[in-house]
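Start at 1 and go down the list; that is how both ligands and their atoms are numbered. Computed from a predicted model, the values in this text were never measured in an experiment. Values below: every heavy atom of this structure, side chains too, minus hydrogens, waters and symmetry copies.
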Amino acid sequence: MDERDLLNTPLMRHFVSHYANPAGPDLLARTEPFFAWQDARRHAGLWPYSRSLEAAPDAECGVRSELGELRVGDNFASQDYLSLSTHPAVVEAAHRGIRDHGLHSAGSAMLGGNTAPGLRLEAALAEALAMPHVALFPTGWAAGFGAITALVRPGDHVVMDALSHACLQSGADAATRNVVRHRHLSAEAVAESLAAIRARDSANGILVVTEGLFSMDSDTPRIDALQALCGEFGATLLVDVAHDFGALGPGGTGSIGVQRMLGKVDLVIGAFSKTFASNGGFLATRSPAVRQFVRVLAGPHIFSNALSPVQACVVREALGVVRSTEGEALRQKVRGNAVALREGFAARGIGCLGDPSPVVPVPVGDAAVARLAAKRVFERGVFVNLVEYPAVPVRGSRFRMQVMAGHAPEQVRRAAVIVADAIDEAREVVASGRRRARVPARYASPVGAD
Ligand SMILES: Cc1ncc(COP(=O)(O)O)c(C=O)c1O
């Protein structure tokens, strides 16, 4: 196959968004155009999603594509930042949890699904975050969506960073039509929105939503400035610490700890799935009233089975490691790997986005280049996630690489070379294809519009 022949086809030019709103009366039949496009990408090796791991998410592992193709190689696609999912003490805690509590919570948290390990985990999180009241959720997504939809009513307002995670965006949209999305990381834009809302509405609440570490860009807002603005305008701040809690900051306290805001943020939500070796999420608050209100009014808390006791045991053990000197050493390893990976790309003229963290976003830009590069990277045994529109801007395709404590320096060096080589080669294929077709680059680049 001459890859250049694909350049001007839907395989390269279309995004999921082209197929996301099909028309027609048959809800099932109208999924077919999407499937045809996706399947063509899959068979051309250009659908780098929905792969499966053959074993634990280790730094080196076996990965199978949806077509069943198996590669063994270096894993920069898993979210296990401190490599705790295979830590002996954490694994042992899972075995003990199964032995003592069985496998399943067997009920929603409202209806018998709370467990002794879950209560102990709530207390441990409360201490770690200096927020005395914690509610658990079955996933991080459920914590974000559930907390926002429980607290925000249709007359209220949400002011959120435009790049907030889907669970926060969906929660805001489900709760109210009064959602303002502001320029990424801009405290000035937040101040303007809060002033404008308060000038016309002093009767309703305002929730300001941000993240401790944005996972597509590896950057962080001024949490202290946002909390001060909320105080000034009678608003409430919610910070989602899914990616930074455990993996960054003193004692693993994340960006909130780095900014000396521990115990001072109105609402903290998070996920266990990046650092704590389990599914699950939480809301932490200083108010017992808020905790009880959210537990009873958040749909995912009462209408979904609770975190299992095994998960609670795993997360509590992982939290113990996170807060120990061993945890500090693991964070140093992650940071060293992140810096080394970024340096590897810098040496090839590629400036990774944001600041050093377990997330290393490698900008590519053009979706056609990114898809061809992703194919090469997989074939050469490096596993990375390709992020495309609409998760990032149309011309903002990137690889999101995630480093773990368990990566060896040699793996990191090798991965930077393999990914950079793949991007260079893919750029050459695309440039050559466009020269051949004599299409000016500004028209040939994939867009979300055709
Ligand atoms: C900021 C943020 N919040 C929430 C979630 C959802 O967490 P989970 O995958 O544990 O449901 C994620 C990631 O998936 C995230 O990045």
Item to check | Test ring-ring contact (aromatic ring centres under 6.0 Å, His included) applied to Y81 and F276, step by step | outcome: CA-CA 9 Å; Y81 297 151; F276 298 90; over 10 Å; no
Next on the checklist: Determine whether F383 and F378 satisfy the following criterion, ring-ring contact (aromatic ring centres under 6.0 Å, His included), listing intermediate values before the conclusion.
Outcome noted: CA-CA 6 Å; F383 311 124; F378 180 66; 5.8 Å; yes
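Nearest heavy-atom pair, N114 versus A109, reported as atom, atom and distance to 0.1 Å: ND2-O, 3.0 Å.
If you check the side chains of S85 and D80, you find a donor sitting under 3.5 Å from an acceptor.
Salt-bridge check for E388 with R41: passed, with a basic side-chain N closer than 4.0 Å to an acidic carboxylate O.
Residues passing the ring-ring contact (aromatic ring centres under 6.0 Å, His included) test with H407, sequence neighbours excluded: F76.
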Are there any protein N or O atoms under 3.5 Å from the N or O atoms of ligand 1? List them with distances, or say none.
| from | atom 1 | to | atom 2 | distance (Å) |
| --- | --- | --- | --- | --- |
| ligand 1 | 3 (N) | D240 | OD2 | 2.7 |
| ligand 1 | 10 (O) | G140 | N | 3.3 |
| ligand 1 | 10 (O) | S273 | OG | 2.6 |
| ligand 1 | 11 (O) | G140 | N | 3.1 |
| ligand 1 | 11 (O) | W141 | N | 2.8 |
| ligand 1 | 14 (O) | K274 | NZ | 2.6 |
| ligand 1 | 16 (O) | H243 | NE2 | 2.7 |

